[in-house]
Amino acid sequence: MTEEVKKYDVIIIGAGPAGLTAALYTSRANLSVAILERGVPGGELINTANVENYPGFKSVSGPDLANKFYEGAMQFGADYIYGLVQSIQPGNPYHTVVCDNGTYQAKAVVIATGSVHRTLDVPGEEEYTGRGVSYCAVCDGAFFKGLPIQVVGGGDSAVDEGLYLTQFGESVNIIHRRDQLRAQKILQDRAFSNEKMTFTWNAVVTEIKGDGKKVTSVCVKNTQTGEEQDLPAGGVFIYVGVLPNTEGFRNLGITDDQGWVLTDEDMHTSVLGIFACGDVRSKKLRQISTAVGDGGIVGQEVYQYVETLNNTEQS
Ligand code: NAP
C-alpha cells in the first residue's frame, strides 16, 4: 500500500521571521499552508538577547518577539510540522518536499531556512563547545557570572551580544582580526564607552585551551607582529559571521557560489513555483525588518501564483 502524500497550496521551509511572515500572509489569503521547521519557531531571534531596531518596539527580547511572530502566523490555520527537510524535487503542478518524517507536496515552496553560524575551525573549538565555547549569549551567558569572557568577531552580533554579556562577565574582551569594527556605529559607541569591555585588535584565534573539563584561555596571534598570547577565558563566544542554510537545496541550481539563494526582487527563484525569502537569500542587509519585508512580498507572490495555477486548471 503506498503512503498518501499530504498536499498543500504552499509549503514554507523555516519558521524564522521571514517564514512566519510568509505563513501569515498566505494562510490569511486562504491558502492551505504547512510550515516545516526542525526546531522551535523564531530562527535567529531565539539566540538574540535584545532587539531595538524592529519598528513598534523600543526594546524587546528575541524570544518574546519570536513568540509574537509565531502566534500571529498561526492564527489563520497553518500547520506547523516538526521535521528536517532533506530535499525538494521540482514538479508540475506539485513540488515534492522530502522531510525526515515524511513526504509532502505543494504547488508553491518557499525556502526560508536562514543561515547558520560560522565556526572558527581551530583546535579546542569543537572539544569545548558546550563547556565554555558558545555561539549564543542569551542561552549561555549566565553560566559565566564573574568570569572573564572572550568574544570573537567584529560585526553586529559580536558587539551586540558582547554588550549583553557585560551583565554577567567580570570583563568582556572582543578579539577582532582588524583594528576597526564592522558593527553599526551606535553599537561601537556603546562598546567603547562600556567600562567592562576591552579589545584585542589585529588578532586571530589559533587555539581554545582548557583543562580537559572546561575552557581556560584563548590563544591569539597578532596579525602584524606574529606575537602570540593566552587570554584568560571562562567563556568564549564566537560570532564570526553566518553561512547559508541551503545544504539540501544546492541541486536545484538556484544558489550563488557561496550557497545563498538567488531570487528576483519578488522572491522568485529561477525554478517556477519555488520562492525564497529572508536571510537565506543573496542580499545586502540581513535584519528582522528585511526578513519580514521579504516574507510579505513572497506571501503575495505565492498567492498570485497559486491562483493562476488554479484558474488554469479549471479552464
Ligand atoms: P558579519 O556582519 O558577517 O560579521 C562577522 C565578523 O566576524 C566580521 O567582523 C569579520 O571580520 C569577522 N570574521 C569573519 N570570519 C572570521 C574568522 N575566520 N576569524 C575571525 N573573524 C572573522 O556577521 P554577524 O555579526 O554575525 O551578523 C550577521 C548579519 O546579521 C549581519 O547582516 C548583521 O548586520 C546582522 N545583525 C544585525 C544586528 C542588529 O541590527 N542589531 C544584530 C546582529 C546581527 P571582518 O570585519 O574583518 O570581515
Side-chain angles (χ1 to χ4, degrees), residues 16-18 42-66 112-126 133-139 141 150-165 172-192 197 199-208 218-224 228 231 233 236-245 258-260 277-294:
E44 266 309 299
L45 274 179
I46 295 299
N47 302 327
T48 305
N50 283 312
V51 177
E52 54 180 28
N53 57 357
Y54 187 68
F57 299 86
K58 269 171 108 174
S59 173
V60 58
S61 89
D64 282 354
L65 188 56
T113 46
S115 56
V116 289
H117 60 75
R118 193 198 295 268
T119 54
L120 277 173
D121 298 330
V122 294
E125 181 179 15
E126 201 180 334
V133 174
S134 172
Y135 304 85
C136 176
V138 73
C139 319
Q150 301 292 338
V151 175
V152 190
D156 285 338
S157 298
V159 178
D160 219 357
E161 302 306 313
L163 282 161
Y164 171 78
L165 288 165
V172 174
N173 182 52
I174 291 196
I175 302 165
H176 185 35
R177 63 182 177 182
R178 293 186 291 130
D179 64 357
Q180 272 186 337
L181 295 172
R182 180 182 288 277
Q184 299 160 47
K185 175 104 177 28
I186 187 170
L187 297 176
Q188 295 197 26
D189 290 347
R190 283 182 201 165
F192 293 140
M197 280 194 119
F199 299 84
T200 302
W201 302 111
N202 300 314
V204 289
V205 174
T206 54
E207 186 178 352
I208 295 170
V218 175
C219 184
V220 295
K221 184 175 176 182
N222 187 295
T223 56
Q224 323 264 294
E228 294 205 11
L231 303 171
V236 186
F237 288 82
I238 297 168
Y239 291 107
V240 291
V242 290
L243 298 169
N245 214 352
Q258 293 179 319
W260 302 101
C277 61
D279 282 7
V280 76
R281 288 176 59 224
S282 170
K283 54 153 60 176
K284 238 174 153 178
L285 189 61
R286 294 194 169 85
Q287 301 271 305
I288 306 161
S289 56
T290 59
V292 164
D294 282 7

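Counting starts at 1 for both ligands and their atoms, in listed order.
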If the criterion is any heavy atom closer than 4.0 Å to an atom of ligand 1, which residues make the list?
Asn53, Leu120, Gly153, Gly154, Gly155, Asp156, Ser157, Asp160, His176, Arg177, Arg178, Arg182, Gln184, Tyr239, Val240, Gly241, Arg286, Gln287
Least distance between heavy atoms, Cys136 atom then Asn47 atom
SG-OD1, 3.4 Å
When rounded to the nearest 0.5 angstrom, what is the spacing between CH2 in Trp201 and CG in Asn222?
13.0 Å
Look up atom CD1 in Ile238 and atom CD in Glu125, then write down how far apart they are to the nearest 0.5 Å.
4.0 Å
Tell me whether Glu52 is salt-bridged to Arg190, with the criterion being a basic N under 4.0 Å from an acidic carboxylate O.
yes
Minimum heavy-atom distance between Asp156 and Ala183, given as atom pair plus value
OD1-CA, 3.3 Å
So, Arg286 side chain and Asp279 main chain: donor-acceptor pair closer than 3.5 Å or not?
yes
